[in-house]
Structure formats: structure tokens, C-alpha cells
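This is a predicted model, so every value here is computed, not measured. These values consider heavy atoms only, across backbone and side chains, with no hydrogens, waters or symmetry-generated copies.
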Amino acid sequence: MAVTDAPKGGGSIFEARPADLGGATELSAANCSLGLGAQRRPRRRRGRLGVLSDCFMRLRDEGRNARSRGDAEGADAAAKAGEACASLAARLCGTKGVPLRPEFLAVALRGVAPAKLPAVAAPVVDGAVALLRAQGATEGESARACGALAAFLQSGGKKVAGDAVAQHSMFASPPLEAPGAIDAASNPFGGLGGGGGALGGLLQAMAAAAAANGGAAFEQGTALGMVMRLGGADPADATARSELAGLLRNRRGGAVEGSLAQLGGRARVARDAAGNLVDALVKNGPTSRDACTSWFAALLSRSKDANAMQLDPRKVPSAATRLNACGCLLRLCRPVIGKADREANVARNLDFLGRSALGRAAYPDDLTRVYASGEQPSADAMDTTAESDDDMYDDDDDDDAALKAALAMSKEPAADADFHFVTVVFFLAFRAMHLGLCAELRRHEDMADRLGHMAHRHGHDHPQILEQQAAHVIAEASLLEETTVDDALSFCGLACRWLLSLSDDDLRKCPEFFLEDVADLPSTLAKFRPLAVKRSPPLDDLLKLVARCLGARERVVRSPHCRDKLAQALYECYLPRDAQHDGRHRGASAASDANVGLLLAPPTGDLADLAPALLWLFGDAEHLGFYDVTAARLRVAALVKHLWASPAHRGSFHALTRDERAFVTFANGLLNETNRLVAATMEKLPAIRDHQVRTGVLNPGNDPQLLELRRDYENAGEQRRQELDERHQEAERYLTSDLRLCTETLGLVELLTGDSVVSDAFALDSLRPRLAGMLLSVMRAFTGRRSMDIKIEHPEKYGFDPKDILSRVGRIATHFAQTPNFAAALAESGYYQPDLLPKTAATLRRIRGLDDAPLANLDALAVAAASAKDAAALDDGIEEDAPDEFVDPLTCAMMTDPVALPSGQVVDNSTIQQHLLNELTDPFSRTPMEPKDVTPLPDLKAKIEAWLADARAKRKRSAMAT
């Protein structure tokens with residue numbers, strides 16, 4: 001009798017004659033040992049188990065071939081022979097060198113008695129570790145090793161198997177926190193190199209790094225670490241980078257997509273292998289489960305610096321390890337997500353972070369909180385009526401057995417008995433997502449931006465850029481593996497529901513990254529994987545969370561950067577592509593019809609405060625960094641315009657005008673930004689013009705200064721030219737950014753002031769002078785003498801359309817043509833010139849920027865402003881003769897609307913309202929006060945008006961007499 005591999009190409013694994021099998025003509029468990037003892041031609045010196053494994057795998061292949069040929073009898077014979085091999089193997093398990101073939105082990109271990117499993121565990125784990133530790137190990141070795149370990153854990157007597165694996169040194173629970181540097185007495189290297197010398201110091205540092213068991217040492221020193229570090233293709237692989245760079249250079253889009261799919265498949269193999277192993281450890285009883293969760297907590301403790309600009313691999317585990325760990329923990333959450341009864345088992349408090357050893361390891365004490373600081377909130381006792389860990393995963397209606405198995409709990413208490421296992425996994429997964437997927441995704445996005453700038457400067461075909469782009473694509477294939485992306489989006493939904501269940505006080509005490517990540521992850525994925533976000537379930541819980549945090553009457557979120565991330569989530573996930581104005585994305589939209597509909601639906605609850613919160617957020621953006629303000633305000637402007645078009649939200653915008661302090665804060669931010677952008681534009685345009693003259697793009701004419709610029713550039717050396725070119729490119733970027741925001745900001749002012757309710761709010765005493773000054777400053781910039789300096793070639797390249805800007809300003813001005821005192825505000829502005837408004841109207845007629853009716857209103861406004869200016873001339877120095885009770889003690893100007901403060905002092909209403917925008921205190925007593933605390937003084941106001949009328953009449957008579 002012979003078992004051959006002839007179908008595979010010749011040669012036998014095992015041959016035996018009937019005489020060797022006691023006269024039998026068929027292989028069985030009873031005679032298989034006789035055949036092994038009489039081996040004729042063993043192809044490999046692998047021992048008996050090795051030969052049986054080879055026979056089993058060959059018989060499996062032969063059976064498959066027989067089935068494909070329709071040979072049922074041959075397939076049945078091969079199956080029986082394979083079972084015979086596995087049955088004999090069960091008798092031999094426990095010896096060294098157990099073959100790491102999952103399918104073979106799964107069958108062979110069925111016959112192993114539970115009492116014998118501990119003896120089998122050591123060779124299985126040792127073999128898996130050897131396979132993983134081998135130089136050049138890939139995801140294939142990881143799948144094989146994890147499959148073998150999972151097969152062992154899933155054998156009979158699961159708890160025994162789990163205990164046996166957990167007791168192996170490679171699965172022992174590591175220290176939850178990496179120990180600090182060792183002291184000199186215990187340092188085996190301390191005596192070398194002169195102790196305190198350079199070599200001694202170096203060796204001391206090496207010993208300390210090794211003792212810390214962080215980063216690479218932690219990965220190499222634990223079985224799970226060796227599994228997690230294998231994550232598919234490595235961006236540092238020069239061969240892979242070179243091949244992909246060639247595809248990018250040749251613009252072979254289809255080949256690049258195919259390569260991406262292949263790379264993603266490799267990452268999926270590694271992540272699935274790790275996930276299967278973790279699932280098996282979790283369901284095999286408390287010992288293996290606690291060892292597994294302790295390992296994750298220890299990993300997170302060592303990964304706390306994963307968001308740093310530069311990562312030290314001696315301290316921080318690799319990106320592959322953190323990403324695979326994140327994927328495994330998110331996978332453990334699958335059976336919970338979307339099932340209200342199971343989600344209820346997540347503790348609605350933050351006790352796990354402080355009371356649990358795992359929580360304390362994963363969540364350092366110095367994490368930034370959403371708003372509050374100090375002690376964690378007190379929590380109610382755990383609900384003892386909640387489902388047990390077992391009950392949760394024993395329901396028969398869950399068709400996915402693998403997901404049920406992932407969190408099937410034993411009845412023994414968890415390591416931290418006060419916390420349901422779902423609570424443990426939820427908080428570990430939240431932290432792992434922050435330190436794994438979110439940290440690497442932010443790094444990936446920054447790299448994409450840098451590559452974009454480099455390509456713009458040096459060209460897309462530059463070899464170095466192609467090489468870096470190839471590395472970026474390889475990293476993206478592993479980072480954004482499809483299953484992990486879907487799991488992360490689902491987890492964000494669970495996290496949003498959990499955050500919404502907290503009180504405002506508890507929400508303020510959460511780590512700030514809780515809010516940042518549930519908003520930032522979907523919005524960032526919307527840029528790289530828009531279809532994944534679009535096909536995910538509607539993000540209604542995220543919308544509710546954003547509305548609650550941004551629209552709260554009492555601020556919930558302290559950080560303006562965190563608030564900006566919430567607004568980014570609205571922009572990326574709920575706005576259709578045609579409503580977005582950032583100009584970066586031209587691909588598919590991430591906003592599904594369902595999410596677009598959620599944002600435009602009639603607002604209820606917290607959503608009713610979303611629209612006014614966005615107006616406030618526009619002004620709040622000034623607290624962001626210099627480079628973030630423009631993008632933030634462009635997003636807010638797009639959101640406001642989109643919601644303004646919805647009748648359901650118009651009333652919410654009107655509601656903000658009733659809160660004078662909030663509206664004035666918003667309006668001041670809007671007007672200040674417009675002034676800043678116009679000034680920045682006027683500063684950069686001449687510089688752009690000058691360089692266009694230098695390089696011959698613009699004709700200098702007969703201007704001697706411009707001709708000199710041209711000659712200097714032509715005579716300059718290469719280094720000087722490069723310096724000027726780089727300075728010009730930077731100016732171009734800033735100008736383009738400023739002009740886009742300037743246009744959008746003016747558009748927002750035009751949109752809002754076209755509504756009578758909002759225009760009345762802009763006409764408040766505290767805003768009217770600011771609005772008038774802004775309009776006049778833009779008019780003067782685009783019609784005055786300096787307007788000659790802003791003529792450049794190809795203005796459309798920068799988004800520069802002076803006709804459009806001037807037309808917008810003209811329309812805004814006409815919105816206030818009938819507003820009382822607005823003409824006087826124009827006349828009183830320091831930007832006012834007698835010919836400015838008439839010249840603007842004439843220019844708009846010439847370029848046809850306004851229709852006849854608005855132009856007539858602008859003409860009338862110019863006449864009214866001129867009359868107001870003449871009338872104001874009578875008031876010059878008039879306050880010098882006014883009684884002291886008419887003069888504001890803070891500004892020394894005559895009051896027009898006197899009010900009494902709680903301290904008893906009398907000031908002008910505009911003075912105190914401006915003060916209260918910055919500080920809610922009485923400026924005299926420093927006691928707290930609100931805008932509503934002022935008391936109008938109508939009698940004093942009447943006396944001031946009467947005195948002014950009499951003084952003006954006297955001055956007028958005196959002027960006529962002279």
C-alpha cells in the first residue's frame with residue numbers, strides 16, 4: 001500500500017506494504033503505527049507526527065481532487081485514511097515538534113484527553129513562537145502560527161487548554177506598566193566603560209531600555225507581541241516601494257489599484273489571524289481571558305506616546321502592532337454594537353479609568369479632559385440585573401458563530417470583578433483606537449499634505465517623491481484595511497451613544513480624545529475612504545453629540561481645537577459635495593442621502609441650537625492656530641450657507657439675534673476677519689505683481705521701479721533666483737487661501753444681512769460702527785489710489801475677482817440704506833471720504849456689478865452720509881461744554897444712551913456692552929454682571945438730547961452769523 005503525491009509532481013511521503021500493516025489492505029488507526037514503524041522512504045526527517053501531518057495534508061488534497069473529478073469513493077477513502085492519521089496523531093501529541101498545521105491539529109486534538117492538553121500546550125506554543133520569531137516572518141507565518149494556537153484552544157476541554165496556554169511564559173501577563181530605569185547596583189553593564197564614562201553611560205541607557213520592556217522588546221518578548229507586529233507589507237521594504245513607484249510613474253491606475261488590493265489582502269490575513277487567536281483566548285475561561293486583556297492594557301501603557309511627532313521604537317510599539325491590537329479589540333466589540341441590551345452593559349461612568357488596574361495602565365492620569373479637572377465623578381453601583389457575560393452571547397438568533405465566540409464569557413468573575421467584561425473591552429478598544437488607528441491616520445494625513453506640497457514644488461514625477469508616495473500607498477493599504485475601517489465606524493456609533501448617555505458634568509470629565517476621535521475618525525476617513533463612510537449606517541448619534549457639545553448653553557468643551565473637529569465632522573459627513581468649498585476633494589462624497597437629510601431635518605432638542613452654534617463657532621476659530629483659521633472658517637461658512645437655505649433652520653438663526661452678547665461675538669469675529677483678509681490681500685498682491693514683473697509674466701511698462709526689478713532678477717545668481725521664486729510660491733499659497741476666505745466671508749455677510757431680522761441685529765449700536773468701517777475699508781481698497789497696485793496677470797489663478805468683491809460690498813451696503821443712523825455711522829468712520837461712496841457707485845455702474853434699484857439705494861446712502869458728515873461737523877468739541885453728568889467716565893465721550901450699572905456708576909450702553917464681550921464684570925466694582933443687569937436711564941437720555949439740540953442750534957446760528 002502506498003500514499004503518494006503523484007498528482008503534485010512525483011515522490012512519496014510515506015510507503016508501506018500490506019505485510020507491514022499486518023496483512024491489511026486499508027490504512028486504519030489500528031495498523032497505522034505498524035506502517036510508521038516500517039517506513040520505507042520518508043521524504044522528511046520530521047518524526048512520526050511530522051509524517052502523519054504530511055500524510056493528512058496530502059490525503060486532504062487527494063480527497064479534494066477526487067471530489068473535483070466526481071470520484072465519491074476515492075474522496076471517501078482519502079477522508080477515512082486522513083482520520084486514521086489524525087487518530088494516531090492524537091496518541092503521539094505531547095512530544096516535541098508538534099506540526100503547526102491548523103487543520104491537522106484541529107482533527108488530531110479531538111482525540112486528546114483534557115488531562116493531556118497541558119503537555120501538548122508547550123510544544124504547540126514553542127513551535128508557534130519559533131515560527132513567528134524567524135527572520136523574515138510574514139503574515140503567512142502569522143496565520144499558520146495563530147491558526148495552530150487557535151486550533152489548540154478550541155480543542156476539547158477549552159478551559160484546560162486556555163489555562164495551559166496562559167501559563168506558558170510567552171503568554172504570561174506582562175507588567176501593566178513598563179518599569180523605570182534600573183539602578184546602578186542592579187545594572188550588569190554598570191562596571192564597563194568606566195562606569196560614568198561615555199561607554200558606561202551608553203550601556204546604562206541600553207540596560208535601562210531593555211529593562212523597560214517597551215517597544216520592540218515588548219513585541220519580541222510576548223507571543224501576542226510577535227503576532228501583532230506582523231501587519232502585511234512594510235513601507236520600509238525597498239523592493240515593494242520601487243515596484244509601486246514604477247506603477248505610479250507610468251500612471252498605471254489599474255495596476256496600482258490591483259497592488260493596493262493585494263497589499264490590503266496581506267494586512268487582512270495578518271489581522272484576521274491575530275483576531276482569531278484573541279477570540280480563542282477570550283472565550284477559553286478567565287485565565288486566558290485575563291492574560292489577554294492584561295497584555296492589551298500593557299501594550300496601551302507602552303503606547304502612550306504614539307501621537308508624538310517622533311516615535312522611539314525602544315519605547316513605543318510599532319504601528320503594525322498598535323493597528324492590529326486596535327483591530328482585535330474592535331472585533332471583540334462587534335457582538336455588542338447595535339444591540340441596546342448589550343450596549344447597556346458598558347458602565348455609564350468613568351470608574352474603570354481609576355478603579356481598575358487595567359484602566360489605570362491604559363489611561364494615564366495626565367490625559368487632557370474635555371473641560372473639567374479634578375476627581376472622577378462618583379458612580380452608581382454596577383447594575384446587578386444586567387445580563388451576565390454568558391447570557392449576552394448565548395442567544396440563538398445570532399447567526400455569526402465567530403462573532404458569538406469572540407466574546408463568549410465563562411461564568412468565573414473577571415479580573416476586575418466590579419466591571420462587566422463589555423466595559424473592559426469598550427474602554428480598552430477606545431484607547432487602542434486612539435493610539436492605533438487614529439494616531440496613524442493623523443500621521444498619514446499629514447504625510448499626504450506634505451507630499452502634495454512637495455509635488456507642487458518639484459513635480460509629481462520626481463524620483464524621491466514617487467518613492468515616498470509609494471511608501472505612503474503601502475502604509476495606507478494596511479492602515480485602512482476594509483474590515484478595520486468598518487469596525488471603527490461602527491465603534492464610533494457605540495461611543496457616541498455612550499457619550500450621549502452621560503451627564504454634562506461627566507462628559508466634561510471624559511478624556512478629550514473621546515470627543516475628538518469619534519468626530520475626527522469619520523471626517524478623516526471621509527477624505528481617504530468616502531464610500532466606506534457613505535455606506536455605513538446613518539450617523540444620527542454623531543450629529544446629536546456634535547449638536548449637544550457645540551450648542552450647549554453652558555460650554556461643555558474647553559478646547560477650540562476639539563470644537564473645530566466636531567465642526568469638521570459635520571462638514572465632511574453631512575454636507576453634499578456641491579455644498580463644500582474647501583477645494584481639496586474632487587472624488588466621491590462621503591455624505592449619504594440619509595446623513596444629508598439628518599442635517600436638514602427640522603431641528604429638535606439639542607439640534608435646535610446647532611445653527612446658532614455654528615455662527616458662534618466662526619468667531620471662536622480665531623483661537624485656533626494661524627494655519628488652521630482659514631480652513632475652519634471656510635467649513636463653518638459652508639455649513640451656515642447650507643443650513644440657511646433650509647426653512648426649518650432659519651428660525652434657529654433668528655434665535656441667536658435675541659442673545660445680544662452671543663450675536664455681537666459672532667458678528668465682531670466676522671467683521672474682524674473681513675478686515676484682516678482685505679488687508680492681507682492688499683499686502684500680498686503688490687508682491688505677486690512684482691514677481692510677475694521680475695519673471696516676465698507682467699509687462700513693467702515705463703515704470704522705473706518695475707524695470708529695475710526686472711533687471712535685478714535677470715542679473716541675479718541661481719541661489720538668489722531660487723530664493724525669490726520660493727518666496728513667491730509661499731505668497732501665492734497665502735494669497736489664494738486669504739482670497740477664498742475673504743470671498744466666502746463677504747458672501748456670508750451678504751447672505752445674513754439680506755434677512756431683515758439679522759440686518760436689524762447688525763445695526764445695533766455696538767456693531768453699526770464696525771460694519772460701516774468694514775464696508776468703507778473694502779471700498780477704499782478696491783476703488784482708491786492703491787487699487788492700481790492690485791492689477792496682476794491671471795487673477796483667476798488665485799481666485800481674485802475684484803469686481804465680485806466690490807459688488808458684494810455694494811449689496812451689503814444697500815441692505816442698510818433705510819436703516820436709521822447707518823448713514824451717520826458711515827460719516828463718523830475714520831475710513832470715510834466724501835467721494836468714496838459716489839466713486840464706488842460709479843464703478844459698480846461701469847462694471848454692471850449692481851442692478852438699477854440697488855444702485856439707486858447706494859446713491860441715496862451716499863447723499864445721506866454726506867449730510868450726516870455736515871451735521872457732525874457742528875458737534876466737533878461739543879462735549880467740552882457738556883455737563884459732567886452727560887460724559888461717560890470710561891471713554892470721556894458724551895453719552896447717547898446712558899445706563900446705570902449695579903455698582904451705581906453711569907456709562908453709555910455701548911461702552912458697557914463692549915466691555916461685557918470680554919469680561920462679565922462691573923468695570924468699577926469687578927463684581928460679576930450680565931448684559932441684562934444694566935438699568936436704562938430714559939430721563940437722563942432725554943436731558944442729553946435736549947441739551948444737544950440746544951447746543952447745535954446755537955452753533956448753527958453762530959455759523960450763519962459769520
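For R926, the CZ atom is densely surrounded, since the number of other residues' heavy atoms within 6.0 Å is greater than 12. Residue E796 qualifies as enclosed at atom CD: its count of foreign heavy atoms under 6.0 Å is above 12.
Under the ring-ring contact (aromatic ring centres under 6.0 Å, His included) criterion, F663 pairs with F666, F762, sequence neighbours left out. Residues satisfying the side chain to side chain contact (heavy atoms under 4.5 Å, CB included) test with E945, not counting sequence neighbours, are K941. Remark: L600 pairs with V596, H642, L643, S646 by the side chain to side chain contact (heavy atoms under 4.5 Å, CB included) rule, at least two apart or across chains. For Y798, there are no ring-ring contact (aromatic ring centres under 6.0 Å, His included) partners two or more places apart in sequence or in a different chain. In this structure, the salt bridge (Lys or Arg N to Asp or Glu O under 4.0 Å) partners of R808, at least two apart in sequence or on a different chain, are E750, D804. In this structure A631 satisfies the side chain to side chain contact (heavy atoms under 4.5 Å, CB included) test together with R635, sequence neighbours excluded. Residues satisfying the side chain to side chain contact (heavy atoms under 4.5 Å, CB included) criterion with P795, sequence neighbours excluded, are I792, F800. Here H691 pairs with Y713, H728 under the ring-ring contact (aromatic ring centres under 6.0 Å, His included) rule; sequence neighbours left out.
Residue pairs meeting the side-chain hydrogen bond (donor to acceptor under 3.5 Å, both in side chains) criterion with at least one partner in residues 819-835, sequence neighbours excluded, are absent. Within the structure, side-chain hydrogen bond (donor to acceptor under 3.5 Å, both in side chains) contacts touching residues 756-765 (residues at least two apart or in different chains) are D765-R768. Applying the salt bridge (charged side-chain N to carboxylate O under 4.0 Å, His left out) rule to pairs touching residues 851-862 yields R845-D859, sequence neighbours excluded.
Listed here is the closest heavy atom pair of A813 and L775: CA-CD1, 4.0 Å. Residues L752 and V758 approach most closely at O-CB, 3.3 Å, considering heavy atoms. Nearest heavy-atom pair, L776 versus L836, reported as atom, atom and distance to 0.1 Å: O-CD2, 3.6 Å. The nearest pair of heavy atoms linking S652 to A611 is CB-CB, 3.9 Å. For the pair L920 and P931, the tightest heavy-atom approach, listed with the atom from each and the gap, is CD2-CD, 4.2 Å.
Atom CZ of R633 is separated from atom CG of L670 by 8.0 Å, given to the nearest 0.5 angstrom. To the nearest 0.5 Å, atoms CD (Q568) and CG (D520) are separated by 6.5 Å. How far OG1 of T657 is from CG of L615: 10.0 Å, rounded to the nearest 0.5 Å. Taking CG from L545 and CG from L515, the interatomic distance works out to 5.5 Å, rounded to the nearest 0.5 Å. Distance check, rounded to the nearest 0.5 Å: CG of L624 to CZ of R563 gives 8.5 Å.
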Anything under 3.5 Å between a donor and an acceptor, one on a side chain of residues 882-895, the other on a protein residue two or more places apart or in another chain? List them.
residue, atom, partner, partner atom, Å
D888, OD1, L890, N, 2.7
D888, OD1, T891, N, 3.4
D888, OD2, D908, N, 3.0
D888, OD2, T911, OG1, 2.7
T891, OG1, A893, N, 3.4

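Between D506 and K509 no salt bridge is recorded (no basic side-chain N to carboxylate O distance below 4.0 Å).
A donor-acceptor pair is defined here as one N or O able to donate and one able to accept, closer than 3.5 Å; such a pair exists between the side chain of S777 and the backbone of M774.
Between F816 and F822, the two ring planes are parallel [angle under 30°; tilted spans 30° to 60°].
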